[in-house]
Amino acid sequence: MTRPLPARPSLTHLKQQAQDLLHAYQAGDPAARQRLAAPPQRADQRVRLADAQRALALEYGCASWPKLKQQVVARLGVLAARAADQAKRQARQRAEQQRVQALVARVSAAAERGEFAALLGTLQLSKRDMELIMPALAASGHLTLIVDALLRGVTSATARVRFVAAQAMDHYADERCAAPLRALLHDPVPRVRWAALHSLTCAACKLTPLPAGDDLLPVLIALARRDPSIQVRRKATWELGQACADPRAEAALREALAQETDRVVRRNAAEALRRLTPAPADAPKRNSL
């Protein structure tokens with residue numbers, strides 16, 4: 001009956017096992033003599049270390065001592081490769097943690113200084129980095145300072161500042177941002193209206209979704225129907241589609257589908273209405289692939 005190799009085998013230890021088996025055999029140990037029962041394939045019939053090594057290899061399921069050594073070396077190579085990979089992963093994780101900590105420190109320092117332009121510069125991060133630093137900013141209280149600065153920004157007389165501040169609220173926001181963003185839905189500059197609408201309705205990028213308020217749906221309908229900016233109408237129609245169970249939203253979507261000339265608006269309306277209308281029981285299922 002063969003026995004498995006240890007999880008982390010050692011050639012030195014196996015060589016010592018073979019030496020111990022030979023010494024036990026020479027001392028007349030019955031168990032050792034049973035393990036070395038096969039006679040050596042030599043004229044003098046003397047039991048040597050090579051015989052003990054072969055017997056040990058057979059016990060581990062290998063035909064010869066060299067085969068056992070090969071198996072041990074191969075397993076040690078796999079273990080070494082795994083250890084190297086783990087060390088690399090741990091090094092990358094430490095480097096990533098240090099990078100995120102540096103980002104948090106840089107944004108926090110800008111928030112503490114309260115310099116709006118400098119703060120906006122530090123907030124220009126990838127979506128992934130924003131998601132990584134947000135919990136730390138919230139835990140330290142610096143998210144509140146950032147929102148304080150953005151709230152000042154959305155009331156600026158400069159359209160670009162209002163736009164950038166509203167856009168930043170897609171990620172850096174708390175409940176205080178809801179009312180100012182709703183007010184920006186009536187801003188005279190189209191891209192400001194678009195940024196405010198996106199930040200107000202997008203929940204995926206925030207720690208906590210913003211309260212939309214009871215007055216949002218009528219505003220969405222008005223934007224989808226009459227906003228002069230096609231980008232705003234597209235966004236408003238898409239957002240109406242998320243609330244299409246409301247009869248007012250459904251009516252506005254059907255109106256957009258019937259009267260709107262823009263293909264994106266019509267597509268958004270059609271897809272929302274399609275979700276609203278259940279498919280017949282005998283209709284073939286669409287392949288999601």
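These numbers come from a predicted model, not from an experiment.
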Minimum heavy-atom distance between [X] and [Y], given as atom pair plus value:
| X | Y | result |
| --- | --- | --- |
| Ala57 | Leu68 | CA-CD2, 3.8 Å |
| Ala270 | Leu257 | CB-CD1, 4.0 Å |
| Lys15 | Trp65 | CG-CZ2, 3.8 Å |
| Val232 | Leu197 | O-CD2, 4.3 Å |
| Val189 | Ala159 | CG2-CB, 3.7 Å |
| Ala52 | Ala18 | CB-O, 3.4 Å |

Would you say the side chain of [Y] lies within less than 4.5 Å of the side chain of [X], judging by non-hydrogen atoms?
| X | Y | result |
| --- | --- | --- |
| Arg182 | Val219 | no |
| Asp51 | Leu22 | no |
| Thr155 | Pro180 | no |
| Leu14 | Gln17 | yes |
| Thr237 | Leu223 | no |
| Leu253 | Asn268 | no |

Please say which of Gln16, Arg35, Gln53 ends up in a side chain to side chain contact (heavy atoms under 4.5 Å, CB included) with Leu21. Arg35

Is it the case that over 12 heavy atoms from other parts of the model lie below 6.0 angstrom from the CD atom of Gln90? yes

Calculate, to the nearest 0.5 Å, the distance between atoms [atom1] and [atom2] belonging to [X] and [Y] respectively.
| X | Y | atom1 | atom2 | value |
| --- | --- | --- | --- | --- |
| Leu145 | Leu150 | CG | CG | 11.0 Å |
| Leu137 | Ile146 | CG | CD1 | 4.5 Å |
| Gln19 | Leu49 | CD | CG | 4.5 Å |
| Asp129 | Gln124 | CG | CD | 12.5 Å |
| Leu217 | Leu240 | CG | CG | 6.5 Å |
| Gln231 | Asp262 | CD | CG | 8.5 Å |

Working for side chain to side chain contact (heavy atoms under 4.5 Å, CB included), residues Leu103 and Leu132: CA-CA 9 Å; Leu103 287 176; Leu132 287 173; over 6 Å; no

Output, in order, the C-alpha distance, side-chain angles, deciding distance and verdict of salt bridge (Lys or Arg N to Asp or Glu O under 4.0 Å) for Arg254 and Glu250. CA-CA 6 Å; Arg254 294 192 182 282; Glu250 181 183 356; 3.0 Å; yes

Are [X] and [Y] grouped together when hydrophobic residues (ILVMFWY) are joined by side-chain heavy atoms under 4.5 angstrom apart?
| X | Y | answer |
| --- | --- | --- |
| Val47 | Leu56 | no |
| Val100 | Leu207 | yes |
| Leu151 | Val107 | yes |
| Leu119 | Leu125 | yes |
| Val147 | Phe163 | yes |

Hey, does the side chain of [X] reach the backbone of [Y] with a donor-acceptor pair shorter than 3.5 angstrom?
| X | Y | answer |
| --- | --- | --- |
| Ser199 | Ala196 | no |
| Arg75 | Pro6 | yes |
| Gln242 | Trp238 | yes |
| Thr158 | Arg160 | no |
| Gln71 | Lys67 | no |

What verdict does the side chain to side chain contact (heavy atoms under 4.5 Å, CB included) test give for Val192 and Val154, after you've listed the backbone C-alpha separation in whole Å, the side-chain angles of each residue and the deciding distance to 0.1 Å? CA-CA 9 Å; Val192 175; Val154 295; over 6 Å; no

Residues Arg176, Asp148; criterion salt bridge (Lys or Arg N to Asp or Glu O under 4.0 Å); working and verdict: CA-CA 9 Å; Arg176 295 175 295 159; Asp148 289 343; 2.6 Å; yes

Using salt bridge (Lys or Arg N to Asp or Glu O under 4.0 Å), reason through Arg266 and Glu260 one step at a time and then give a plain yes or no. CA-CA 6 Å; Arg266 288 173 54 82; Glu260 179 65 63; over 6 Å; no

Each residue besides Ile230 in its hydrophobic cluster should be listed here, by chain and number; the cluster joins Ile, Leu, Val, Met, Phe, Trp and Tyr at side-chain heavy-atom distances under 4.5 Å. Val265

Under 4.0 Å between a side-chain nitrogen and a carboxylate oxygen: does that hold for Arg275 and Glu271? no

Tell me, with the steps shown, if Val164 and Leu123 meet side chain to side chain contact (heavy atoms under 4.5 Å, CB included). CA-CA 10 Å; Val164 174; Leu123 297 182; over 6 Å; no

ring-ring contact (aromatic ring centres under 6.0 Å, His included): which pairs involve residues 165-209, sequence neighbours left out? Trp194-His198

Residues that Arg193 engages under salt bridge (charged side-chain N to carboxylate O under 4.0 Å, His left out), provided they are two or more places apart: Asp227

Arg225: which residues meet the salt bridge (charged side-chain N to carboxylate O under 4.0 Å, His left out) condition with it, sequence neighbours left out? Glu255

Side chain to side chain contact (heavy atoms under 4.5 Å, CB included) between Met169 and Leu184, worked out: CA-CA 12 Å; Met169 285 181 176; Leu184 287 183; over 6 Å; no

Lys235 vs Glu239, salt bridge (Lys or Arg N to Asp or Glu O under 4.0 Å): CA-CA, chis, key distance, verdict: CA-CA 6 Å; Lys235 179 65 176 173; Glu239 293 297 341; 3.0 Å; yes

What pairs meet the side chain to side chain donor-acceptor pair (under 3.5 Å) rule with one or both residues in residues 130-146, with sequence neighbours excluded? Ser108-His142, Glu112-His142, Ser140-His142

The criterion is side chain to side chain donor-acceptor pair (under 3.5 Å); which residues satisfy it with Arg162, sequence neighbours excluded? Asp187

